[in-house]
Amino acid sequence: QVQLVESGGRFVQRGGSLRLSCATSGFTPHLYNNGWFRQVPGKEREGLACIDEKGRIYYDDSVKGRFTISYDSGARAYYLQMNGLNPEDTADYYCATDSTAWRPDTVKIGVCSFTFWGRGTHVTVSS
């Protein structure tokens, strides 16, 4: 059974940094496309970053140069390093994979179309 558990979200001052973590289980991550998206209540989900099965990395323009995605194969964990945070980054952040069956509300970034995600972790950036 695929499981993704996010952690690391918290309150942070404008200009600050956070590193989000995603623990994975139930599948072999490097065989799939995995990454992060975020959602503000009442708004569309926004794909942020993805590492595809070939190790290529994609970023949304809104976070390019500020956010860095990485994968630790030993820990089977994904990370999202977020620098230069601003209030517009306030959202629920989700770790996601395309290792499960297609669904109509996939979240896309680059070549990745996420079909499964965790419960999320909340980030609040002060103004």
Side-chain angles (χ1 to χ4, degrees):
Q1 181 180 1
V2 174
Q3 288 192 320
L4 300 171
V5 180
E6 304 91 340
S7 62
R10 61 176 174 85
F11 177 90
V12 63
Q13 300 280 357
R14 175 195 287 267
S17 298
L18 279 179
R19 190 177 83 151
L20 305 183
S21 300
C22 172
T24 72
S25 61
F27 70 112
T28 304
H30 70 268
L31 298 180
Y32 298 94
N33 302 324
N34 307 290
W36 295 87
F37 70 88
R38 67 187 177 190
Q39 187 172 27
V40 175
K43 295 189 176 181
E44 294 287 320
R45 297 183 181 108
E46 179 184 18
L48 300 177
C50 167
I51 300 177
D52 75 8
E53 58 185 353
K54 296 183 179 179
R56 296 173 298 194
I57 293 177
Y58 305 86
Y59 292 104
D60 185 76
D61 286 344
S62 66
V63 303
K64 196 173 295 182
R66 298 191 299 128
F67 291 10
T68 303
I69 187 173
S70 61
Y71 174 62
D72 182 333
S73 59
R76 295 171 56 95
Y78 284 87
Y79 304 96
L80 187 67
Q81 177 66 42
M82 308 188 294
N83 299 327
L85 288 164
N86 57 62
E88 291 69 38
D89 295 314
T90 294
D92 294 317
Y93 285 72
Y94 298 85
C95 177
T97 178
D98 70 353
S99 63
T100 61
W102 179 87
R103 54 190 289 171
D105 58 342
T106 59
V107 182
K108 295 179 172 59
I109 171 75
V111 302
C112 306
S113 294
F114 302 135
T115 56
F116 183 89
W117 42 87
R119 293 189 174 187
T121 186
H122 185 73
V123 173
T124 299
V125 184
S126 68
S127 59

To the closest 0.5 Å, what do you measure between CZ (Phe116) and CG (Leu4)?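 Here the interatomic distance stands at 5.5 Å.
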
Hey, are the side chains of Tyr94 and Gln39 touching, using non-hydrogen atoms and a 4.5 Å cut-off?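 SC-SC contact between Tyr94 and Gln39 confirmed.
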
Can you name the closest pair of heavy atoms from Ser127 and Pro87 and give their distance?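 Here Ser127 and Pro87 meet closest at CA-CG, 3.6 Å.
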
Is there a donor-acceptor pair closer than 3.5 Å between any side-chain N or O of Glu6 and the backbone N or O of Cys95?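 Judged by distance alone, yes, a pair lies under 3.5 Å.
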
Give the ring-plane orientation class for Phe37 versus Trp117, where under 30° counts as parallel, over 60° as perpendicular and anything between as tilted.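 Ring orientation of Phe37 relative to Trp117: perpendicular.
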
Is any side-chain heavy atom of Trp102 closer than 4.5 Å to one of Ser113?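 Counting from C-beta outward, Ser113 and Trp102 never come under 4.5 Å.
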
Is there side-chain contact between Trp36 and Ile109, with at least one heavy-atom pair below 4.5 Å?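 Side chain of Trp36 against side chain of Ile109, heavy atoms only: no contact under 4.5 Å found.
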
For a side chain to side chain contact (heavy atoms under 4.5 Å, CB included) check, start with the C-alpha distance between Met82 and Val12, then their side-chain angles and the critical distance, and finish with the verdict. CA-CA 11 Å; Met82 308 188 294; Val12 63; over 6 Å; no

Please collect all salt bridge (Lys or Arg N to Asp or Glu O under 4.0 Å) contacts where either partner lies in residues 26-38, sequence neighbours excluded, each pair once.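 Applying salt bridge (Lys or Arg N to Asp or Glu O under 4.0 Å) to every pair that reaches into residues 26-38, excluding sequence neighbours, yields Arg38-Glu46, Arg38-Asp89.
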
Quick one: do Val40 and Tyr93 end up in the same hydrophobic cluster if we chain Ile, Leu, Val, Met, Phe, Trp and Tyr together by side-chain heavy atoms under 4.5 Å apart?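 In one cluster with Val40: Tyr93, no.
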
Closest approach of Ala77 to Tyr71 (non-hydrogen atoms, all atoms of both residues):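 Nearest heavy atoms, Ala77 then Tyr71: O-CD1, 3.2 Å.
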
Roughly how far apart are Lys108 NZ and Arg45 CZ, rounded to 0.5 Å?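 So the gap between those two atoms works out to 11.5 Å.
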
Residue pair Ile51 / Asn34, side-chain heavy-atom distance below 4.5 Å: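 No, too far: nothing below the 4.5 Å cut-off.
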
So how far is it from Phe114 CZ to Thr106 OG1, rounded to the nearest 0.5 Å?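 It is 10.0 Å, given to the nearest 0.5 Å.
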
Counting C-beta onward and ignoring hydrogens, is there a side-chain heavy-atom pair between Asn33 and Glu53 closer than 4.5 Å?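 Side-chain contact under 4.5 Å: yes.
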
List the atom pairs, donor and acceptor, that lie under 3.5 Å between side-chain atoms in residues 17-25 and the rest of the protein, sequence neighbours left out.
unit_1	atom_1	unit_2	atom_2	d
Ser17	OG	Asn83	OD1	2.9
Thr24	OG1	Arg76	O	2.7

Which pair of heavy atoms, one from Asp52 and one from Lys54, lies closest together, and at what distance?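 Closest approach of Asp52 to Lys54, heavy atoms only: OD1-N, 2.8 Å.
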
Could you grab the distance from atom CG of Asp92 to atom OG1 of Thr124, nearest 0.5 Å is fine?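 Here the rounded value is 8.5 Å.
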
Ignoring hydrogens, what is the shortest heavy-atom contact between Thr97 and Val2? Give both atom names and the distance.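 Thr97 and Val2 have their closest heavy atoms at CG2-CG1, 4.2 Å.
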
Return the set of residues passing salt bridge (Lys or Arg N to Asp or Glu O under 4.0 Å) with Arg14 (not counting sequence neighbours), or none when no residue passes.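 Here no residue qualifies.
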
State plainly whether one hydrophobic cluster holds both Leu48 and Leu85, where clusters connect Ile, Leu, Val, Met, Phe, Trp and Tyr through side-chain heavy atoms under 4.5 angstrom apart.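 Yes, it is one cluster - the side chains of Leu48 and Leu85 are joined through contacts under 4.5 Å.
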
Of all the heavy-atom pairs spanning Thr115 and Ala101, show the shortest one and how long it is.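 Closest pair (atom of Thr115, atom of Ala101, distance): CB-O, 3.4 Å.
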
Separation of Tyr59 OH from Ile69 CD1 (nearest 0.5 Å):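 So the CD1 of Ile69 and the OH of Tyr59 are separated by 6.5 Å.
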
Measure the spacing between OG of Ser99 and CZ of Phe27 and express it to the nearest 0.5 Å.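 Going from the OG atom of Ser99 to the CZ atom of Phe27 covers 4.5 Å.
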
